[in-house]
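Read the structure below first, then the notes.
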Number of protein chains: 2
Amino acid sequence: MTLPSTYADRNCSLARAMEVIGERWTLLILRDAFFGIRRFGDFATQLGIPRAVLTSRLKLLVREGVLARDDDGAGIVEYRLTDKGIELWPIVRAMMAWGDTFYSPAGAKRALSHDRDGGPLDHEGRCQECGSVVPVPEIRIEPGPGFDPENPNPDPVSAQLNTARRLLEPVTASRTRQADDSKV
Amino acid sequence: MTLPSTYADRNCSLARAMEVIGERWTLLILRDAFFGIRRFGDFATQLGIPRAVLTSRLKLLVREGVLARDDDGAGIVEYRLTDKGIELWPIVRAMMAWGDTFYSPAGAKRALSHDRDGGPLDHEGRCQECGSVVPVPEIRIEPGPGFDPENPNPDPVSAQLNTARRLLEPVTASRTRQADDSKV
DNA sequence: CTATCGTGGTTCAGTCACTGAACTATAAAT
DNA sequence: ATTTATAGTTCAGTGACTGAACCACGATAG
């Protein structure tokens with residue numbers, strides 16, 4: 001049902017993509033998923049999104065195969081990006097780059113680099129050291145020159161998000177999934 | 001007015017970008033702008049968007065410097081992408097590519113190529129012939145293998161949009177700006 | 001000069017979605 | 001048995017979108 005009166009244009013792939021990821025909050029949810037957030041409560045507190053809307057968005061993203069819902073039966077649910085979801089990275093990266101260019105005079109708020117060789121990424125996502133298009137799990141993200149530690153949000157999840165990390169690396173929650181699974 | 005309760009995250013450029021281009025319809029308006037649409041009425045009919053919403057979106061985009069409003073004083077107004085707006089192309093391209101990949105089994109609905117040498121563009125926007133990142137005005141767009149001529153929309157604007165053209169090349173309207181010989 | 005048309009909007013009632021706060025359900029942990 | 005952590009649901013109030021009609025203005029036709 002994605003949208004009541006759906007975008008009519010059947011011949012533009014952009015319209016179809018918008019029905020999946022174009023609703024309010026959706027891209028911010030996905031950004032946080034790239035940053036390693038997997039838990040319902042963490043999405044809710046990080047984004048300040050109404051929980052009912054979060055439920056609705058997560059359901060749509062799971063139905064469309066962008067996120068996978070992983071329930072361990074013990075009250076712990078994780079939402080992880082699927083391969084299809086990971087292929088949304090160029091969109092997220094392009095939007096961050098545009099926002100940095102025009103709304104962050106002090107420089108990029110987050111700096112991206114190739115975790116293997118340390119080379120910075122250009123705006124097309126290429127490592128300037130090795131020249132390759134860096135796979136998402138090898139991308140290192142850290143606060144950049146434009147990062148503003150205004151209100152240092154003291155919760156542990158925010159603290160983790162503001163350190164240098166690799167994309168998709170899960171934030172460790174207070175109560176983790178049962179008995180340490182090897183799927184990281 | 002961008003958003004009533006704005007996205008709170010001040011430290012993600014994505015949130016700032018979403019405030020400018022994240023509202024419903026906005027990216028479709030910009031897609032049409034890349035395709036050469038410049039007139040209020042053409043946006044309205046091509047997208048099927050309520051005119052009040054279109055007014056609101058155009059005003060925001062002009063205020064943010066993404067579009068320029070050009071009024072010739074004779075009842076003809078044109079909205080054109082600025083340089084800042086043209087830099088949104090990687091976002092539009094990435095979303096079309098993702099939509100094609102996952103929702104167009106018959107192949108891309110629109111094919112992109114380098115107008116100078118005819119080389120097709122890869123998913124990062126590089127010409128596979130000359131290897132360069134092709135500037136937007138040199139990008140040729142035409143119906144691709146997944147294009148579906150289902151309801152051949154008979155209006156002249158749609159007809160132009162479905163032929164091979166360069167991006168940003170304006171669609172010629174029935175009544176053009178200031179003194180023109182091409183009367184129908 | 002008046003009437004009509006093309007164009008770029010505005011207005012408005014009805015509907016739908018989002019917001020924010022409170023509440024519920026379930027499974028540990030104490 | 002009670003508390004805590006987590007993942008949701010519920011609901012009234014508000015705001016945004018929808019669709020259709022209407023308006024203002026300049027150009028064109030009679």
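So you know, we letter chains A, B, ... as the sequences are listed, proteins then strands, and number each from 1. Just so you know, these numbers use all the heavy atoms, side chains as well, and skip hydrogens, waters and symmetry mates. Since the model is a prediction, treat every value here as computed from it, not as a measurement.
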Quiz item: To the nearest angstrom, how far is A:I49 atom CD1 from C:dA17 atom C1'?
Solution: 13 Å
Quiz item: side-chain hydrogen bond (donor to acceptor under 3.5 Å, both in side chains) between B:Y79 and B:R38: does it pass, once the steps are laid out?
Solution: CA-CA 5 Å; B:Y79 293 92; B:R38 295 183 171 184; over 6 Å; no
Quiz item: Is a salt bridge present between B:R166 and B:E169, judged by a nitrogen-to-oxygen distance below 4.0 Å?
Solution: yes
Quiz prompt | d(CG, B:L28; C1', D:dC17) in whole Å | solution = 15 Å
Exercise. Taking atom types as modelled, find out whether A:H114 and A:E129 have a side-chain donor-acceptor pair closer than 3.5 angstrom.
Key: no
Exercise. Report the distance from atom CG of B:D42 to atom C1' of C:dG6, rounded to the nearest whole Å.
Key: 12 Å
Self-check item: Nearest-Å distance for atom pair CD1/C1', residues B:I29 and D:dC17
Solution: 13 Å
Quiz prompt | Between P of D:dA5 and CD1 of A:I76, the distance in whole Å | solution = 12 Å
Anything under 3.5 Å between a protein N or O and an N or O of nucleotides 1-4 of chain C, put it in a table, one pair a line.
none

Quiz item: Going by atom types only, do B:E87 and A:T101 share a side-chain donor-acceptor pair under 3.5 Å?
Solution: no
Self-check item: B:D72 CG to D:dG26 C1', straight-line distance once rounded to whole Å
Solution: 10 Å
Quiz item: Which nucleotide in the list D:dT18, C:dT19, C:dG8 gets nearest to the side chain of B:R24?
Solution: D:dT18
Protein and nucleotides 9-13 of chain C: nitrogen or oxygen contacts under 3.5 angstrom:
unit_1 : atom_1 : unit_2 : atom_2 : d
C:dG9  : OP1    : B:R69  : NH2    : 2.9
C:dG9  : OP2    : B:Y79  : OH     : 2.5
C:dG9  : N7     : B:R51  : NE     : 3.0
C:dG9  : N7     : B:R51  : NH2    : 3.0
C:dG9  : O6     : B:R51  : NE     : 3.4
C:dT10 : OP1    : B:K59  : NZ     : 3.3

Quiz item: Can A:K109 and A:D100 be counted as an ion pair, charged N to O under 4.0 angstrom?
Solution: no
Quiz item: For the residue pair A:P90 and A:I86, what are the closest heavy atoms and their distance?
Solution: CD-O, 4.5 Å
Practice problem: Quickly work out the A:R39 CZ to D:dG8 P distance and round it to whole Å. | Solution: 11 Å
Exercise. Find out whether the Lys NZ or Arg CZ of B:R24 is both under 6.0 angstrom from the six-membered ring centre of A:Y7 and within 45° of the ring's axis.
Key: yes
Practice problem: Grab the CE-C1' distance between B:M18 and C:dC18 for me, whole Å please. | Solution: 15 Å
Quiz item: Under the 3.5 angstrom rule, does the side chain of A:D32 hit a backbone N or O of A:F35 as a donor-acceptor pair?
Solution: no
Quiz item: If you look at every heavy atom in A:C127 and A:G119, which pair is closest and at what distance?
Solution: SG-CA, 3.9 Å
